[in-house]
Amino acid sequence: MQRDLNGELAARLAALKSEGLYRELREIESAQTARVTMEGRAALNFASNDYLGFANEPALKEAAARALEKFGAGSGASRLVCGSLSPHARLEESLAAFKRTEAALSFSSGYATALGTICALMGKEDVIAIDRLAHASIVDGARLSGARLRVFRHNDPGDLEDILKWADSRGSGAGRRPQILIATESVFSMDGDFAPLKELADLKEKYGAWLMLDEAHGTGLFGPNRRGVAAQEGVSDRIDIQMGTLGKALGAAGGYIAGSRTLIDYLTNKARSFIFSTAPCPAQAAAATAGIDLAQSAVGEERVGQVWRLWEQLQAEAGSLVWKLPAFKTAILPLMVGGEVAATELARRLRERGIFVPAIRYPTVKRGAARLRLTLTAAHRREDVAALTDALKAAGGYVPPVTV
Ligand SMILES: *Cc1c(COP(=O)(O)O)cnc(C)c1O
């Protein structure tokens, strides 16, 4: 006999629990920063993507408050339906100036940005090549577009070139040559390593593909004026579609595409997650604009300096840990554990010691590659990093069970 909805779902949840894959929300009763109150206890937060500590920055809060007063709490409708409020226009001007592109378009989230953009650009005739570790928003956008999806080995231009050759050969028959889109991240969200941008740009030119780069973890930390990794590598002009989020280093929420005026006009007409969704509240757009200004200022420079000082300290102190910490100089430091159950258990032990770090497990990463994803932010202090490594050492007596 068929189980009813709750019976079926309870069985599925029990299976997740037994595999160490169950997820639950933990309430934070304070503002979201380096030191939080979580479920009634003080905790050090090493989980946040608020890399520059902007989420609680007075300049952002004041900008949000002013926009709230002047423009109200809600946006009323999609920007195409009821008119587009000034804070959204100012945000997009700031984004385009920051990224040095002709134009920009903001979305309600980075996830909505990837979905709407990829689906607007690509159809079932086309081919999308993505890095194996690309973010779920890129994977989901590629799937939803109906295009042929090909996955290349992580940061492997040779493997990508094989896909491009194959896609190119498909165009020789009748009909339109399939368009090819290469999509990847500049700093990988769960591994903290960099994509080989110059090689990717060379390949996209060689095969006439389009290149989409998600700078979710690069914007605000790298390059001149902290514009991102593409600017640091001098390849911004070769990236057709620059994507990012306003919710990480920039301290607010939302997502964006920066690129040519034509690209932005096209997405305004075709990106369904932009068209069929109420505009973000004006306070969110105003906070993001303030975050973009601050990231480019001397404050932004000083905050990034603090992140790298803490990075040096953590690398030095982590030398004596049993787990490996990769040496990529980004704000994301995945402590590789392996088994899902072991990672969950280690995260629990740290939580008991007042340290919050999420265990990242399948399906976010592949099975057996579970890790604690540590992030450093400018809101952390030296003693916080020392407390983290002390807690890791104290929690390290746990021997992970053997898993695949
Ligand atoms: C967080 C993230 C997104 C999604 O952005 P949101 O604004 O959080 O929806 C997209 N891509 C990458 C690589 C991310 O890390």
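What's counted below: heavy atoms across the whole structure, side chains too, no hydrogens, waters or symmetry copies. Keep in mind that this is a model prediction, so the values were computed, not measured. In each ligand, atom 1 is the first atom listed, and ligand 1 is the first ligand listed.
Distance from atom 2 (C) of ligand 1 to its nearest protein heavy atom, with residue and atom name: Lys248 NZ, 2.4 Å. With respect to atom 3 (C) of ligand 1, the closest heavy atom belonging to the protein is His135 CE1, 3.4 Å. Closest protein heavy atom to atom 11 (N) of ligand 1: Asp214 OD2, 2.5 Å.
Ion pairing of Glu69 with Arg66 is absent here, as no side-chain N (NZ or NE/NH1/NH2) approaches a carboxylate O to less than 4.0 Å. Salt-bridge check for Asp265 with Arg261: passed, with a basic side-chain N closer than 4.0 Å to an acidic carboxylate O. Classification of Asp156 and Arg132 as a salt-bridged pair fails, no side-chain N sitting under 4.0 Å from a carboxylate O. Taking the charged nitrogens against the carboxylate oxygens, Asp390 and Arg353 have no contact shorter than 4.0 Å, which rules out a salt bridge.
Not a single heavy atom of Gly247 sits less than 4.0 Å from an atom of ligand 1. Note on ligand 1: Ala253 sits outside its first shell, no heavy atom being nearer than 4.0 Å.
Of the listed options Tyr111, Phe107, Tyr256, Tyr111 places a heavy atom closest to atom 4 (C) of ligand 1.
For a threshold of 3.5 Å applied to N or O pairs, the pair formed by Thr245 and ligand 1 contains at least one separation below that value. On a distance-only criterion, Gly110 and ligand 1 share at least one N/O pair closer than 3.5 Å.
The Ser189 neighbourhood of ligand 1 comprises atoms 15 (O), with distances under 4.0 Å to a heavy atom of that residue. Residue Ser137 has at least one heavy-atom neighbour below 4.0 Å for each of these atoms of ligand 1: 10 (C), 11 (N). For ligand 1, the atoms closer than 4.0 angstrom to any heavy atom of Gly254 are 7 (O). Close approach of ligand 1 to His217 is summarised as follows: ligand atoms under 4.0 Å from at least one heavy atom of the residue are 14 (C), 15 (O). Remark: ligand 1 atoms within the under-4.0 Å shell around heavy atoms of Glu185 are 13 (C).
Rounding to the nearest 0.5 angstrom, the gap separating the CG atom in Leu376 from the CG atom in Leu221 is 10.5 Å.
In this structure a side-chain-to-backbone donor-acceptor pair under 3.5 Å is present from His88 to Pro280.
Under the 3.5 Å distance criterion, with hydrogens and angles disregarded, a donor-acceptor pair is assigned to the side chains of Glu161 and Tyr207. No side-chain N or O of Ser236 forms a donor-acceptor pair with one of Gln242 less than 3.5 Å apart. No hydrogens or angles considered: a donor-acceptor pair under 3.5 Å links the side chains of Thr219 and Lys99.
Both the backbone and the side chain of Ser109 come within 4.0 Å of ligand 1, judged by heavy-atom distances.
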